[in-house]
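In what follows, chains carry the letters A, B, and so on, assigned in the order in which the sequence lines appear, proteins first and then strands, with residues in each chain numbered from 1. Keep in mind that the numbers below use all heavy atoms, side chains included, and drop hydrogens, waters and symmetry copies.
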Amino acid sequence: MARTAPLSRRFYRRDAVTVARALLGQRLVRVCHGGRVAGIIVETEAYLGVADKAAHTCNGRRTPRNKSMWGDGGHAYVYFTYGLHHCANIVAGRAGDPVAVLLRALEPVEGLDIMYTRRTGARRDRDLCSGPAKLAKALAIDRELDGLDLTGDAAMYVERARRRPVPADQIIAAPRIGIDYAGVWAHRRLRFYLRDNPYISRR
DNA sequence: CCCGTGATTTAT
DNA sequence: TAAATCACGGGG
């Protein structure tokens with residue numbers, strides 16, 4: 001697998017929708033003592049800061065948990081939910097603008113054997129990373145990575161797997177998942193995934 | 001459909 | 001201090 005530099009600060013310091021679309025087709029890499037695993041990002045969701053009722057930072061909320069979202073673009077925001085799941089986001093925009101992109105699904109491309117050991121019960125490659133908590137588990141992402149700078153060559157980063165963005169006609173925009181409480185924001189098409197890709201999350 | 005699970009947040 | 005909430009997943 002060809003090595004490329006992590007995506008730059010400039011890449012992430014844009015609005016969350018742009019980053020959510022631009023991340024599609026890029027490669028998320030996780031390195032730890034368990035080994036190196038990676039997957040192509042095939043599904044994302046944008047969370048639009050203080051105005052977005054579905055965002056953890058709606059109405060300007062600033063809590064210990066969402067601290068990373070308030071920081072500069074290109075850092076991880078990892079949180080724990082439902083008593084057993086982690087979800088991984090990448091902060092977009094600039095410090096003080098709490099927008100982020102939730103990573104919802106990957107197409108596994110490297111270290112699948114390691115992923116299977118972490119995702120007991122997964123029967124097919126499609127089961128490994130087809131959901132935000134599944135990919136967090138497969139890549140051993142937990143709160144220890146919260147706040148990590150993804151533009152450094154660190155324990156996790158995104159590599160450019162393609163030079164040009166995925167063409168717009170290959171990206172489906174749909175309502176976000178699991179935020180029915182968010183009123184009109186529940187209808188906004190802020191979920192993005194690759195058309196016809198078999199590795200996106202179910203539902 | 002239903003529910004486990006526990007950190008986090010918000011309400012008292 | 002207590003209660004409600006929750007950007008989910010797996011099993012019927």
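- Across the protein-nucleic acid pair, A/R143 atom CZ and B/dG6 atom P stand 17 Å apart, rounded to whole Å.
- Using a 4.0 Å heavy-atom distance criterion, A/R176 is classed as making no nucleic acid contact.
- Heavy atoms from other residues, nucleotides or ligands lying under 6.0 Å from CZ of A/R189 number 12 at most.
- Regarding A/M69, its CE atom lies at a distance of 13 Å from the P atom of B/dT9, rounded to whole Å.
- Between A/Y79 and A/H56, the gap from one ring centroid to the other is short of 6.0 Å.
- Salt-bridge check for A/E45 with A/R176: failed, with every basic side-chain N at 4.0 Å or more from each acidic carboxylate O.
- A/A46 approaches A/A20 most closely through the heavy-atom pair CB-CB, 4.2 Å.
- We find that A/R36 and A/E159 are joined by a salt bridge, their nearest charged nitrogen and carboxylate oxygen being less than 4.0 Å apart.
- Here A/A54 lies in heavy-atom contact (under 4.0 Å) with a base.
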Begin from the C-alpha positions of A/D125 and A/Y199 and carry the test side chain to side chain donor-acceptor pair (under 3.5 Å) through to its verdict.
CA-CA 8 Å; A/D125 295 356; A/Y199 296 91; 4.9 Å; no

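- C/dA7 atom P lies 22 Å from atom CZ of A/R189, rounded to whole Å.
- In this structure, A/D15 does not pair ionically with A/R94, as no charged nitrogen and carboxylate oxygen lie closer than 4.0 Å.
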Assess the residue pair A/T151 and A/R9 against the criterion (side chain to side chain donor-acceptor pair (under 3.5 Å)); give the C-alpha distance rounded to whole Å, side-chain angles, the decisive distance to 0.1 Å, and a yes or no.
CA-CA 6 Å; A/T151 67; A/R9 188 77 62 207; 3.1 Å; yes

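- Atom-to-atom, NZ of A/K53 to P of C/dC6 comes out at 9 Å; the value is rounded to the nearest Å.
- If you check the side chains of A/T57 and A/N66, you find no donor sitting under 3.5 Å from an acceptor.
- Using a 4.0 Å cut-off on heavy atoms, the residues of residues 76-87 of chain A that approach DNA chain C are A/Y79, A/T81, A/Y82, A/H85, A/C87, listed by number.
- One interatomic measurement links the two molecules: CG of A/D180 to P of C/dA7, which rounds to 11 Å at whole-angstrom precision.
- Distance CG (A/D127) to C1' (C/dG10): 11 Å, rounded to an integer number of Å.
- Among the nucleotides B/dT9, C/dG10, C/dA7, the one closest to the side chain of A/H56 is C/dA7.
- Between A/R61 and C/dT5 there is no side-chain N or O to OP1 or OP2 distance below 4.0 Å.
- Atom CG of A/L102 and atom P of C/dC6 are 16 Å apart (whole Å).
- Under 4.0 angstrom from either OP1 or OP2 of C/dG10 there lies at least one side-chain N or O belonging to A/K134.
- Judged by distance alone, the side chains of A/Y12 and A/D72 never bring a donor and an acceptor atom under 3.5 Å apart.
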Dot-bracket for DNA chain B, 5' to 3', counting Watson-Crick or G-U wobble pairs under 3.5 Å, with [ ] for crossing pairs and | for inter-strand pairs?
||||.||||||.

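- Following rounding to the nearest Å, A/N66 (CG) and B/dT8 (C1') show an atom-to-atom distance of 11 Å.
- For C/dC8, one of the phosphate oxygens OP1 or OP2 lies less than 4.0 angstrom from a side-chain nitrogen or oxygen of A/R104.
- Here A/R119 lies in heavy-atom contact (under 4.0 Å) with sugar-phosphate atoms only.
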